[in-house]
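Starting from 1, each residue takes its place in the sequence as its number. Here the structure is a predicted model, which is why all the values come from computation and not from measurement. Values below: every heavy atom of this structure, side chains too, minus hydrogens, waters and symmetry copies.
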Amino acid sequence: AYLVEALGLGTGHVGVVYMAAGTGYCLGSLAVGGPLARFPTRSLVVLGYLATALLIALAFSARVGTTGSIVMITAASLAMGIEVVAMAALMTADTPTGAGTTMTLSGSLFNLGAAGGSAIGGALLALSGYQALAIGLPIFALGAALLSWRRAPLRVDGPRGDGIRIGGGL
């Protein structure tokens with residue numbers, strides 16, 4: 001809706017923006033296992049969220065114009081691709097459970113975030129329009145970056161329920 005209502009794009013141009021954003025997301029996802037593999041995973045997660053916060057704020061502020069907003073949306077999608085794959089890798093490395101359990105938890109949390117984010121985004125739109133998204137979405141991305149930065153030890157009940165500490169985690 002933003003692309004049509006605020007930027008005045010037609011259906012065909014909206015499709016091109018979605019293709020560009022999807023390509024950015026795909027390239028970001030692939031980069032985590034390729035050229036970005038030499039960087040610490042937690043740093044990729046945090047920097048991905050920080051980049052997303054900045055780029056979304058610019059894209060929805062309408063201060064960068066139509067072309068600028070499209071570039072920012074595509075770049076934000078690239079950053080999101082990086083952070084999502086890096087977060088999955090981080091969770092797999094930092095949690096003591098098997099990869100299947102970790103990925104199920106990860107998928108569930110992402111779905112919960114998407115549902116909650118849609119509700120909050122709808123409320124922001126109802127309250128103040130697209131400008132509210134330029135403020136609200138970056139706040140959530142900054143919060144995610146802060147939560148991802150801290151390496152918190154996990155407490156897991158051992159066989160006797162003794163609450164032993166295992167590794168670090170989110």
Side-chain angles (χ1 to χ4, degrees), residues 1-37 39 41-92 100 102-149 170:
Y2 174 75
L3 297 173
V4 174
E5 293 174 10
L7 300 182
L9 298 181
T11 306
H13 289 111
V14 169
V16 171
V17 173
Y18 272 87
M19 287 188 331
T23 301
Y25 191 92
C26 182
L27 292 174
S29 299
L30 293 171
V32 174
L36 298 178
F39 297 104
T41 309
R42 187 175 306 278
S43 297
L44 292 176
V45 172
V46 172
L47 292 174
Y49 279 124
L50 293 175
T52 298
L54 174 65
L55 293 165
I56 290 294
L58 289 171
F60 281 96
S61 70
R63 301 200 190 288
V64 293
T66 300
T67 303
S69 288
I70 293 168
V71 169
M72 296 301 134
I73 289 167
T74 302
S77 294
L78 182 120
M80 286 183 234
I82 291 170
E83 73 200 27
V84 167
V85 172
M87 179 61 80
L90 181 65
M91 287 179 68
T92 301
T102 300
M103 291 301 102
T104 299
L105 175 63
S106 174
S108 298
L109 292 174
F110 279 118
N111 288 333
L112 180 64
S118 295
I120 293 169
L124 289 173
L125 281 170
L127 290 173
S128 184
Y130 295 115
Q131 290 297 327
L133 293 180
I135 297 167
L137 295 178
I139 288 172
F140 284 105
L142 291 172
L146 289 173
L147 289 172
S148 300
W149 185 256
L170 300 175

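Nearest approach of Gly48 to Ala79, heavy atoms of both residues: O-CB, 3.7 Å. Nearest heavy-atom pair, Ala134 versus Ser61, reported as atom, atom and distance to 0.1 Å: CB-N, 3.8 Å. Between Ala145 and Leu50, the shortest heavy-atom contact is CB-CD2, 3.9 Å. Among all heavy-atom pairs drawn from Ile82 and Leu44, the shortest one is CG2-O, 4.0 Å. The two atoms that bring Ala21 and Thr74 nearest to each other are N-OG1, 4.1 Å, heavy atoms only. For Ile56 against Ala76, the heavy-atom pair with the smallest separation is CD1-CB, 3.8 Å.
When atom types are taken as modelled, the side chain of Tyr2 and the backbone of Ala59 share a donor-acceptor pair closer than 3.5 angstrom.
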Tabulate below the donor-acceptor pairs under 3.5 Å that side-chain atoms of residues 26-35 make, not counting sequence neighbours, or state none.
| residue | atom | partner | partner atom | Å |
| --- | --- | --- | --- | --- |
| Ser29 | OG | Tyr25 | O | 2.9 |

Show me, pair by pair, the donor-acceptor contacts under 3.5 angstrom made by side chains of residues 7-16, not counting sequence neighbours?
none

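Residues Leu3 and Ile73 meet the side-chain proximity criterion, which asks for heavy atoms closer than 4.5 Å.
Residues satisfying the side-chain hydrogen bond (donor to acceptor under 3.5 Å, both in side chains) criterion with Thr52, sequence neighbours excluded, are Glu83.
Rounding to the nearest 0.5 angstrom, the gap separating the CD1 atom in Ile135 from the CG atom in Leu124 is 9.0 Å.
Atom OH of Tyr130 is surrounded by more than 12 heavy atoms from other residues, nucleotides or ligands within 6.0 Å.
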>> Using the rule given for side-chain contact (heavy atoms from CB on, under 4.5 Å), can you reason through Ile120 versus Phe140, listing the C-alpha separation, both sets of side-chain angles and the distance that settles it, and then say yes or no?
In response: CA-CA 10 Å; Ile120 293 169; Phe140 284 105; 3.6 Å; yes
